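Scroll down for the structure; my scribbles are underneath it.
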Amino acid sequence: MALLLHLLACAFGLGSWVAVNGLWVELPLIVNALPEGWELPSYLTVIIQLANLGPLLVTLMHKLCPGRLNEHAVIYSILSIGILSCILLIFFWDKTTIVAGASHSTAFFILTFFLSLVDCTSSVTFLPFMMQLPAKYITTYFIGEGLSGFIPGVLALAQGVGMAKCVNSSQTLGNYTDEEVWSLQTEYLSPNFSTQVFFSFLVAMMCISLAAFVGLNRLPRTFELSTANLVANTMDSVSSGFDNPGVETDGEGEKSQRTVGEKSRHLLVEAQHSMYQLACIYFLVIWVNAATNGLLPSVQTYSCMPYGNLAYHLSAALASVANPVACTIAMFFQNRSLIFLGMLTVLGTGFGSYNMAMAAMSPCPLLRGSAVGEAIIVLSWLLFTGTLSYVKVMVGVILRDRSHSALVWCGAAAQMGSLVGSVTMFPLINVYRLFKSGDFCNTQCPS
């Protein structure tokens, strides 16, 4: 029974962010087919931020009408919406409409909004549901949440998107001449499986998550916490799940409860920081989320595509894999030193600055056309994502151990940083056109 619960908890966590993560790693193939082209990621970052309307409504319901929100019904609803959106994405992802005289990916944007709404709302519904289980299953849930980024990244690597070659093509000039003009054209090779098949994998993973949720609801659980005690025990359960994965809350009696309580109080005593230190921690939260969720993702096409679709493909897929790997490392190898986290943030910001600089130099970044340049940009994106993902987890752990309100403000700061980052980059890319796109084969760069 315990093994089955672990499998169901992991599968349930798989549906938390799998849709949005899947869209990001598939972008190297999508940007070549949709009319927005290299500007597409900047649209997605704003759409994802708009989808935070979902968790906001859930939070307001908890505050204004406590006890009236049926979280089971909400989870069933959002998982069903996610499955339906992924199915529609298979058939309509490349359909366009004319808006303001220009072709736009209206269907893709609408479906992306609903998928983002599902994933954002899962952050405030999945975990409270999991708090009804013993603490050891919370850790398993977080492993599943990490797999929601890892599996799409691995699938994208297996898909092999991004291979391109330059071919000579001819074009006849005018109606009264047979003169032909030859030019280089970029030709993209077919991936190992299509975008429709990739989205079908997303449908399957969402269905697995829904089936796991049904299974968790149907299995007998004598250890389920009462609704009244759920909120009060939430922070103790999370703390126990992260720092003591082997601690069980079922059947251990008062001794186990005292042990967990003493350890939690001990952590709270250790987690006291000065106002200056708290200000630094919240600044880290804002900056790291602004960089990883808004500023840099918006320009990833401009920093990678000049090196070829393969560089963009590897950067997106490996970065998606690096995120859960870094989070897993943070769960088992914790370093709460603010000096260390500050240095790691500076290091990650350095990699991000290189990525931003290459985007600003697009379509002629440094070492364009060389294997060294491709390797550096892929490695830079990998390390940028990995280092700052570790920082995000650790500052969350620090604030979680301080108090519940500190963790709430951490979430607010993270959303504010993400919003500022995405809203800042959108006009720079789509209005002021500070970043330039180009064709891989026809762009002429000074030597």
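By convention here, the first residue in the shown sequence is residue 1. Here the structure is a predicted model, which is why all the values come from computation and not from measurement.
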Side-chain donor-acceptor contact under 3.5 Å, Ser389 with Asn323
yes

Can a side-chain donor-acceptor contact be found between Ser105 and Trp93 if the only test is distance below 3.5 angstrom?
no

What do you reckon, are the aromatic ring centroids of [X] and [Y] less than 6.0 Å apart?
| X | Y | answer |
| --- | --- | --- |
| Phe108 | Phe92 | no |
| Phe201 | Phe193 | yes |
| His104 | Phe109 | no |

Calculate, to the nearest 0.5 Å, the distance between atoms OH and CZ belonging to Tyr141 and Phe129 respectively.
10.5 Å

Arg368 side-chain N/O to Pro363 backbone N/O, donor-acceptor pair under 3.5 Å:
yes

Option passing ring pair (Phe, Tyr, Trp, His ring centres under 6.0 Å) with Phe126 (candidates Trp17, Phe12, Phe213)
Phe12

Any side-chain heavy atom of Leu399 sitting closer than 4.5 Å to one from Trp409?
no

Does the side chain to side chain contact (heavy atoms under 4.5 Å, CB included) test come out yes or no for Phe435 and Met356, once each step is laid out?
CA-CA 10 Å; Phe435 299 88; Met356 182 66 75; 4.0 Å; yes

Output, in order, the C-alpha distance, side-chain angles, deciding distance and verdict of side chain to side chain donor-acceptor pair (under 3.5 Å) for Asn192 and Gln159.
CA-CA 5 Å; Asn192 295 327; Gln159 188 179 22; over 6 Å; no

Contacts of Trp38 that satisfy ring pair (Phe, Tyr, Trp, His ring centres under 6.0 Å) - sequence neighbours left out:
Tyr302

